[in-house]
Each structure stands twice: as structure tokens, then as C-alpha cells.
Amino acid sequence: MPLLKCEHVSKRFGGMVAVDDVSFEIMSGELMAIVGPNGAGKTTMFNLINGVFLPDEGHIWFAGVDVTRFPSYKRAHLGMGRTFQIPRPFASATVQENIAIGAMFGAAGGELNVEEAMEVADEYIDLIGLKAHRNKPAGGLTPIEKKLVEIARALAMKPRLLLMDEAMAGMNPKDIDQMVTFIRHIRDVEGIAVVAMVEHIMRAVAGLAERVMVMHQGAKLVDEPTREALNDPRVIEVYLGRQAEEFNAKG
Amino acid sequence: MFFEQLSGNLVQGLILGSVYGMATMGLSLIFGVLQVVNVGHGAFIMVGAFTALILFQSLGVPPILAIPVALLIGMCLGMIFYYGAVKPLVSPSGAGIRKVGRRQLGKAAGVFVAVMIAMRILSGVLDLNIAFSIFIAIILMYAFLVYVYGGRRQEKGPELATLLVTFSLGVILEEVVKQIFTSEARGYNWDLGKLDLGFTVLPFTKILASGGSLTVAVLLYLWFNKTRAGMAMRSVVEDSVGARVCGVNVDWQYALSFSLGIGLTVTSGVLLTMFIPVGINPYMGGGYTLKAFVIAVLGGLASPYGAFFGGVVFGLLENGSYTLLAALPGGEPFALTRFFSFVMLLVILLIRPTGLLRRKG
Amino acid sequence: MRGSGKYLPIVPVLAAYALLLLYGLAAPGKWQLVAQLAFYCALGQAFNLFMGMTGYVDFGYVAFLGVGTYGMAVTISSLSDGGLGLGIILIGFLAAAVFSTILAMAVGAVALRLRGAYFAIATIGVNEGFRYLIEGARIWNGADGIIFSRHLKTALGRKMAMTVSTFWADIFVFGVAVLAAVLTLYYLRNKVGYALLALREDEDAAKVMGIDVTRYKIIAFITSAALAGLLGASGWALKLTYVYPPDVFEIHYTVEAIIIVLLGGAGTLMGPIAGGLIYGVSKYFLAITLPGFQLLIFAPIIIAIIVIFPEGLVGILKGKVHGTSLEKFVI
Ligand SMILES: Nc1ncnc2c1ncn2[C@@H]1O[C@H](COP(=O)(O)OP(=O)(O)OP(=O)(O)O)[C@@H](O)[C@H]1O
Ligand SMILES: [Mg+2]
């Protein structure tokens with residue numbers, strides 16, 4: 001049984017179709033990337049999976065439950081974790097508190113009290129290497145550190161599926177390598193399925209994802225193993241076509 | 001008999017509604033552009049009412065001619081309040097406060113003392129109340145801190161802050177007007193005769209108020225759609241990032257819309273007194289704030305024209321409900337009508353909360 | 001923060017209230033001032049529980065004090081012949097809490113689904129709306145209000161009635177203040193507090209974290225409203241022995257609550273005490289020296305605080321004691 005299943009999901013904003021009849025599945029423990037140029041509808045797709053928006057059409061199943069109409073917090077309880085394109089840690093809370101909030105209310109939630117959640121948080125602080133910032137408000141961190149806090153917060157929720165929006169945006173190649181290793185480590189150790197979203201097909205995708213779904217203008221263009229996707233003429237068309245356009249626009 | 005009553009209600013409701021609509025356009029304009037809800041809305045209406053009253057009573061200016069004066073007063077107030085209190089919270093380029101430390105506070109305290117001394121010396125000449133001196137000293141001290149040490153945008157979301165700030169601006173206006181004119185209710189009597197339609201009688205002042213409101217609404221429409229300045233402002237409502245990219249000075253558009261919104265609101269105060277020329281007092285605005293919110297959510301909070309039509313609908317409903325409630329035995333129709341508008345607000349928010357948020361997207 | 005130490009901050013709170021009370025008992029001429037200060041602290045504590053903790057501002061808050069006042073008034077005026085003795089006051093408090101809770105549920109059912117500014121819009125008419133319902137439909141004696149000093153004497157006897165309205169009413173206000181502080185600290189130190197912190201910072205992110213934001217907002221809203229009801233029942237109903245609709249639905253009390261919370265520091269435990277004391281004392285002196293000018297002076301101060309010191313006094317203090325041994329006590 002797939003962990004997540006989307007069936008003919010669509011979302012419109014006014015006249016614009018942001019997500020257009022998309023269907024796909026994710027298995028437990030899979031590493032998948034959704035790629036597509038700016039405005040392709042990736043973030044909107046995440047918001048639909050995650051319950052920030054409800055779809056206009058289509059159905060979404062998660063862990064065998066029809067979650068199409070579920071609010072996001074219920075999906076979180078079923079084991080969905082997420083990070084945002086622009087990191088959104090709770091600014092006035094400390095790093096430890098941020099992560100503890102994930103532990104307290106996420107899938108593991110129910111049973112943990114505040115003290116236990118704080119202990120769980122400490123484990124993840126070690127994992128992301130931010131021990132020095134443990135008691136600092138998250139609002140004062142650098143963007144990369146914020147991103148790490150967000151990831152740790154999502155992991156502390158003990159998700160079965162982790163949705164990472166623009167996991168590598170704004171990082172230099174060294175950070176990207178580290179992040180790829182880190183995500184693979186999460187998957188291997190904790191068995192979490194990870195869907196990462198990346199703007200461009202690049203090294204990270206190749207190193208990270210086993211499968212790639214390419215979105216273009218809201219629709220699913222291809223969904224195949226990474227190696228094939230990288231050589232798929234349609235994918236090349238989307239990216240090269242775009243580059244050609246940009247080139248023409250400049251020239 | 002029934003039809004006479006009905007058509008009477010319809011006409012009365014329509015002309016009242018057009019004034020209500022105009023009185024809400026400023027609120028919607030400000031929300032549309034800045035995403036700020038002006039919780040002090042009613043206080044600005046009150047300022048307009050006093051403008052009409054004072055001009056008429058002490059200078060004999062007919063209220064209809066008070067409109068440009070009110071617009072000017074309103075726009076000036078709007079500019080002052082925008083730059084003084086709203087901009088630090090909402091400005092896209094940012095003008096909040098850097099860290100204020102002991103040194104800055106020391107200097108600010110110096111400003112306070114200096115102003116107090118100056119005001120006390122002045123008070124020998126001008127008979128100033130000491131509370132006013134304190135008020136002015138606080139404001140100047142504040143202005144000093146904001147302008148000398150201003151610089152960086154605040155990190156926290158501005159929503160709660162803007163609500164509280166506009167609310168306080170309203171309180172300041174009410175208190176200042178109360179100090180000058182006392183809280184006693186006043187009225188004026190401007191009689192232009194009446195128009196007898198057979199089924200209902202309309203004083204010409206009411207017709208004039210309604211006509212004035214329509215004119216203002218039409219002018220605003222033309223300004224938005226036919227002038228460069230108006231289109232620039234509209235572009236900010238539609239997409240502030242896009243507008244910025246296209247070279248629109250978003251900061252200035254914020255200031256301008258806030259000022260125009262307040263100008264419209266103060267103007268509507270003049271028109272409202274032409275409709276109801278009594279009960280003018282510093283706290284008269286509260287009821288209008290509530291009505292304006294009902295109207296604004298009826299018509300779409302971010303759209304001035306929506307607000308105008310919302311106003312017309314609300315005028316009809318209010319008039320109709322007053323007549324119906326008056327027929328009810330054992331109730332107080334006036335109080336019940338006000339309860340009714342509160343219930344209406346909740347009901348609209350209950351049935352269309354998502355629809356109402358549509359423009360925010 | 002682990003273990004038994006987590007409730008330590010209640011110590012300075014209790015100390016502050018105890019000192020205030022002792023001062024009032026020792027200097028009888030100042031009892032009215034002390035009672036007034038306790039009222040403002042309690043008002044701030046109760047209001048902070050919702051506004052401070054969630055970041056939502058309820059402009060109609062005074063309505064909860066108003067219906068609480070009615071709860072006590074209606075109880076005493078209708079049950080005074082029942083021979084309940086002091087039990088009538090207990091029932092009165094119960095009624096006050098129930099009335100304000102019901103109103104909170106009714107308002108909350110609509111308002112708490114709305115975000116930010118829309119919430120404020122939904123609440124701004126609640127006090128006026130309720131006042132006009134009472135006056136318009138002539139509920140509870142309509143616009144005339146309820147005068148129940150006679151009933152209180154019937155129920156408790158002349159002497160006891162007197163002591164209740166001149167002394168015990170104020171003690172009950174202290175009680176409400178302490179209760180509000182205890183609940184605030186309890187919330188802050190438990191899951192509720194973290195949920196509220198998260199939703200105050202970023203409601204969407206909070207939901208994604210698995211927080212049922214509406215549920216926690218309701219908890220805070222109802223707690224805050226019920227405390228307001230108890231405060232109205234003690235500080236207004238029992239103290240004045242009458243209730244008059246335009247007075248108990250007067251928006252100025254909401255303004256005062258906002259000032260107190262902002263002065264002291266929204267969302268903190270001690271902020272409302274600091275804010276309440278400062279506001280109460282300065283209002284007291286302004287009322288003597290410059291009657292009628294309080295709001296003229298306080299309104300610009302609200303703006304100054306919001307723009308310049310959004311964290312309030314206790315917020316600033318928290319920053320100062322960060323990393324010192326006092327840290328555990330200041331929240
Ligand atoms: N809340 C919203 N209201 C209206 N339109 C929206 C909203 N969210 C997204 N859109 C539109 O939907 C389209 C898809 O946006 P989305 O953010 O999903 O793209 P994306 O693939 O994540 O792009 P990016 O690489 O820029 O993050 C865009 O045209 C965007 O303008
Ligand atoms: Mg995106």
C-alpha cells in the first residue's frame with residue numbers, strides 16, 4: 001500500500017490553475033523529488049498534500065486514510081512533517097522550544113509532556129549540530145540555521161513522510177552535499193519517506209532522489225526514476241526551452 | 001397603504017445607504033492597500049461631523065461646502081498619522097525602531113522635560129491645560145524617538161500592532177475633541193425645505209447628502225480608472241510586489257491611500273450630519289465603526305466600490321428592520337436595530353469567512 | 001525548567017499580591033486605591049490570558065465582565081429570599097462564570113474561526129451588541145439595570161451585606177487575580193502554552209506541526225472570558241450592588257486592559273501585574289490632579305509602546321536577566 005496517494009488533484013486560484021489534475025503515489029521510505037521551474041505549482045502541491053489548502057478536485061490518501069478534507073494538524077498526527085520554502089521557525093521561541101513543539105504535537109505527540117519533549121528536542125539539536133544555539137531565540141539565527149531548526153522540528157514530529165520545500169535553495173555546493181547526506185541518513189535510520197522539492201534538476205536531485213516527478217504549469221509532466229528523468233526529452237524541453245526563452249529575452 | 005410604506009422605506013433606505021456606503025469607502029481603501037483595519041474609523045467620522053458643525057455654527061458655512069475642508073483636514077490627519085504611527089509598522093521599506101537603549105531614553109526624557117517647560121511658559125500666554133502639555137510632550141518625545149532613531153523594520157507581524165495603533169489614534173481624536181468641545185451632544189439646524197413624494201417626505205438636506213455621497217463615489221471611480229495616480233494606487237491593491245517591480249513607489253502609495261482613506265472618512269462625517277444633524281459628540285463614532293465593519297464585510301473588505309454597494313444594502317436593511325422592530329410589541333426599536341447590525345456582522349462572517357478572505361490571498 | 005522548579009515564578013507573583021494586600025490592610029485610608037490596583041492587575045491577568053498568549057485582540061472583551069456582573073446581580077436579586085446565606089455568593093460566582101462562558105462560546109464559535117483582523121472585526125461590536133440586546137429586548141430589566149442592594153441585605157443581613165460590598169468584594173478581586181496568574185503560569189508551562197506560543201508566532205506553521213489551533217484558542221478564550229466574568233461579579237456587582245448596562249459594557253475597560261497588558265508585556269506572567277500597578281497608580285494620581293484626561297495621556301503611550309517597546313516592561317526585564325540566576329523567576 002502506498003504511503004501517500006494523490007488522485008486527480010486540482011487547485012485553482014481565481015482563473016489560474018495552479019495544480020492541474022495531478023496523480024501520483026509515494027511508498028514508505030522512498031526518496032522522491034518534485035522539480036519544476038518557478039511557478040510550476042510545487043509549493044501549491046505541497047500545500048494540498050499537507051492541508052494548508054484543500055483541493056478543488058481529486059482525492060488524497062495518507063497511510064490508508066482519506067485525508068482530502070482533513071485540516072493540516074490531523075494530517076500531522078497521521079505522520080506528515082513539513083518544512084517551508086522560506087523557513088518559518090517560531091521566532092521568539094528558543095531553538096530547543098521550537099523543536100520540542102514539533103515533538104509535543106506531532107505524530108508522536110499525544111504521549112509526550114513538556115519535559116519529555118524537551119529531551120527529545122535535545123537529541124535533534126545534537127543531530128543538526130546547533131548545540132551552541134540551544135537557548136537562543138530562533139528569530140536571530142542565520143537562514144541556514146533556521147532551515148536546520150525547521151528540519152529538526154519536523155523530524156521531532158516523528159513523521160512517516162517528510163515534505164521539504166526547496167530543501168537546498170540558497171545553499172552552496174558544500175552545504176548541499178551535507179544536506180543530501182543528511183536526508184539520506186534520515187531515510188536510512190528513521191525509515192521516513194522524503195519528498196524534497198527542488199527548483200532545478202541538478203546534482204542534488206541526482207544524488208538525493210530515487211524518483212523524480214517533474215511539474216510544468218501545474219501539470220505532472222513525467223514521473224520516473226531519476227536517471228531516466230534526467231535524460232527525458234520532455235524534461236530537457238522544459239528546462240532548455242526555458243533557458244532558450246531567457247536567452248532570447250536577454251538578447 | 002402597505003405599498004406606500006414599502007416604497008417610503010425603500011427610498012429612505014436607499015438615500016441613507018448611499019451615505020453609509022460613502023462612509024465606508026475610506027475603510028476599504030485603507031484595508032485594500034495597506035491590509036490595515038482602521039479600528040478608529042468612527043472617530044474620523046466624528047471629526048467630520050464636528051467640522052460641519054463648527055463651520056456652520058460659527059462661520060455660517062453651509063455643510064455641503066464643508067466637504068472640501070473636511071477632505072483636506074482628513075488628508076492632513078491621515079498623513080500625520082501615517083508617518084507618525086502606521087508607517088513604522090507596515091512600510092515595505094521599513095521605518096521601525098532600532099534598539100532603544102538607556103542613552104536614547106535619556107535624550108527622549110530630555111525632550112519631554114524641555115517640551116514641558118516650554119509648554120508651561122507658553123501656558124502663561126495661551127492658558128494651556130497641563131494635561132495638554134503632557135500630551136504634547138509625550139507626542140514630541142515619541143516623534144523624537146521614531147525619527148531620530150528610526151531605521152529598521154520590526155520583525156513581528158504587524159497585524160495586532162496596527163489594530164491597536166489605529167484604535168489608539170481613534171481614542172486620541174475622541175479625547176482631544178472632548179477636551180475642546182466637552183462631551184455634550186450638539187446639533188445644528190440647516191433647513192432647505194422638504195420634498196413631498198406623496199408616500200414619503202424627504203428633507204432636501206438628506207437628498208443633498210445622498211447626492212454628495214454619490215458624487216464622491218463617482219469621482220473616486222474616475223480617479224482610480226482614468227488617472228495615472230489612481231491607477232498606480234490600484235496596482236498596489238492588486239499586487240504590491242508587482243507594482244514595486246513596475247516602478248511604483250509603494251511607500252508613497254501607502255501614505256497616499258491612508259491619507260485619502262482618512263480624508264474620505266472625515267468627509268463622510270460631514271455628509272452624515274447632513275443626514276442626521278443631531279447627536280454630534282466626541283464618542284458618536286463607535287456606532288459607525290460597527291456599521292462600517294458590517295458594510296465592509298458585506299461588500300468585500302478590500303474594495304471601496306463593494307463597500308459603497310454594501311452601504312446601500314445595509315441602509316435598506318437597517319431601515320426595513322427598524323420599521324419591523326418598531327412594530328414588535330415591548331421592544332426598543334432603536335436599541336434592537338443596533339443589536340441587529342451586530343448580529344448581521346456575525347452572520348456574514350459566519351457564512352462567508354473564506355469568501356471574505358479571498359482578496360487577501 | 002525541569003522538575004519542581006518550573007512553577008517557581010508564582011513566588012514573586014504571590015509576593016506582589018500579598019504585599020499589596022498587606023499594604024491595604026495596614027493603611028485603611030488607601031484601601032480603595034489598593035482595591036482598584038488589584039482590579040487592574042486582575043483585569044490585565046485575565047485579558048492577557050487571551051490577547052497576550054494568542055496575539056488576537058478582542059475589542060469586545062468588556063462584555064464578559066458585563067455578563068459576569070449580571071450573573072451575580074440576577075442571582076442575588078432573584079434568590080435573595082431562598083435563605084441561602086453566603087451560599088448565594090457562591091451561586092452568583094457560578095452564574096457569572098457560566099454566563100461569560102456561554103457568551104464566549106457563542107462569540108468564539110464565529111470569531112475564532114477567523115484570522116487576525118477579521119477576528120478583531122467580529123469582536124468589536126460584542127459589548128455594544130449585547131448592551132443593546134439587553135436594552136432593546138428589555139432583558140434583565142432592560143435599560144434600567146438592576147439595583148440589588150436591598151436583596152443583598154435580605155439574603156445576608158444588613159451588616160454582612162455591608163462587609164461583603166466594602167471588603168470581601170475586593171478580596172474576591174484579589175482571588176481572581178491570583179487565580180488568573182496561576183492559570184497563566186500553568187498554561188505557560190504546559191502544552192497549552194507552547195501551542196499558543198506557536199500559533200501566536202505563525203498560525204499556519206503551528207497547524208502543520210500538528211497543533212489544533214482552534215482548540216487552543218478556544219481554551220484561552222474561554223478561560224479568559226470566565227475570569228472576566230468572575231471579575232465583573234466581584235469587582236463590580238458585589239462592590240457596587242447595582243448593574244447598569246451602559247456602565248458595564250463601556251469599551252473604555254477594554255482600552256484599559258489593552259494598556260495594562262502592553263505596558264507590562266503581552267504574554268508574560270508578571271507583565272499584567274507591573275502594568276496594572278503602573279497604570280492604576282498613574283491613573284489614580286491623574287484622576288486627582290487632572291480628572292478626565294487619563295485617556296488623552298494613555299492613548300499616545302499605547303502607540304509609543306507598540307512602536308518602540310513592543311515587548312513591554314517584563315519583556316525587557318526578561319532580556320536583562322537572561323543567563324542570570326534570576327532567570328527562573330521572571331516570565
Ligand atoms: N495563495 C495563492 N493565491 C493565488 N495564487 C497563488 C497562491 N499560491 C500560489 N499561487 C500561484 O500559483 C502558481 C504556482 O505557485 P507555486 O508557489 O505552487 O509554484 P512553485 O512551483 O512553488 O514556484 P517557486 O519555484 O517559485 O516556489 C503561481 O503562479 C502562483 O502565483
Ligand atoms: Mg515554491
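So you know, we letter chains A, B, ... as the sequences are listed, proteins then strands, and number each from 1. Below, each value reflects all heavy atoms present in this structure, side chains not excepted, and no hydrogens, waters or symmetry copies.
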Between B:Pro88 and C:Val307 the two heavy atoms that sit nearest each other are CB-CG1, 3.8 Å
Note to self: For B:Tyr83, is the OH atom crowded, meaning more than 12 foreign heavy atoms sit under 6.0 Å from it?
What the structure shows: yes
If one checks every heavy atom of C:Val107 against chain B at 4.5 Å, the contacting part turns out to be neither
Okay, B:Val176 and chain C: the region with an atom under 4.5 Å from a heavy atom over there is both
Rounded to the nearest 0.5 angstrom, the CZ-OH distance for B:Phe334 and C:Tyr132 is 5.0 Å
Honestly, the part of C:Phe119 sitting under 4.5 Å from a heavy atom of chain B is neither
Okay, B:Leu325 and chain C: the region with an atom under 4.5 Å from a heavy atom over there is neither
Is any side-chain heavy atom of B:Leu163 less than 4.5 Å from a side-chain heavy atom of C:Phe59? yes
- Please report the C-alpha distance between B:Leu349 and C:Arg113 in whole Å, then the side-chain angles of each, then the deciding distance to 0.1 Å, and finally whether the side-chain contact (heavy atoms from CB on, under 4.5 Å) criterion is met. CA-CA 9 Å; B:Leu349 288 172; C:Arg113 303 156 169 237; over 6 Å; no
From the list C:Gly55, C:Gly142, C:Ala143, the residue making the most non-hydrogen contacts under 4.5 Å with chain B is C:Gly55
| Any side-chain heavy atom of B:Phe167 sitting closer than 4.5 Å to one from C:Ile302? | no
Cut-off 4.5 Å, heavy atoms of chain B, and the answer for C:Ile316 is neither
Counting heavy-atom pairs under 4.5 Å with chain B, the top scorer among C:Thr123, C:Ile303, C:Ile259, C:Leu262 is C:Ile303
Greatest number of non-hydrogen atom pairs under 4.5 angstrom with chain B, of C:His252, C:Glu135, C:Arg138, falls to C:Arg138
**Asked** Can you find a pair of side-chain heavy atoms, one from B:Leu301 and one from C:Ile121, that are under 4.5 Å apart?
**Response** yes
So, the part of C:Glu128 with a heavy atom under 4.5 Å from chain B: the answer is side chain
CZ (B:Phe293) and CD1 (C:Ile124) are apart, to the nearest 0.5 Å, by 4.5 Å
Do C:Phe298 and B:Glu175 have side chains that approach each other closer than 4.5 Å (heavy atoms only, starting at C-beta)?
no
Taken to the nearest 0.5 Å, the spacing of B:Phe342 CZ from C:Arg131 CZ works out to 14.0 Å
Rounded to the nearest 0.5 Å, the CD1 atom of C:Ile134 sits from the CZ atom of B:Phe339 at a distance of 10.0 Å
| query | If you count the non-hydrogen atoms of other residues, nucleotides and ligands that lie under 6.0 Å from CZ in B:Phe112, is the total more than 12? | reply | yes
Rounded to the nearest 0.5 Å, the CD1 atom of B:Ile172 sits from the CG atom of C:Leu295 at a distance of 10.5 Å
Rounded to the nearest 0.5 Å, the CD1 atom of C:Ile306 sits from the CG atom of B:Leu160 at a distance of 7.0 Å
Okay, C:Ile251 and chain B: the region with an atom under 4.5 Å from a heavy atom over there is side chain
Cut-off 4.5 Å, heavy atoms of chain C, and the answer for B:Ile139 is side chain
Per side chain to side chain contact (heavy atoms under 4.5 Å, CB included), C:Pro300 is matched among B:Ile136, B:Ile134, B:Ile138, B:Val171 by B:Ile138
Interface check, chain C: of B:Val347, B:Val37, B:Leu346, most non-hydrogen pairs under 4.5 Å belong to B:Leu346
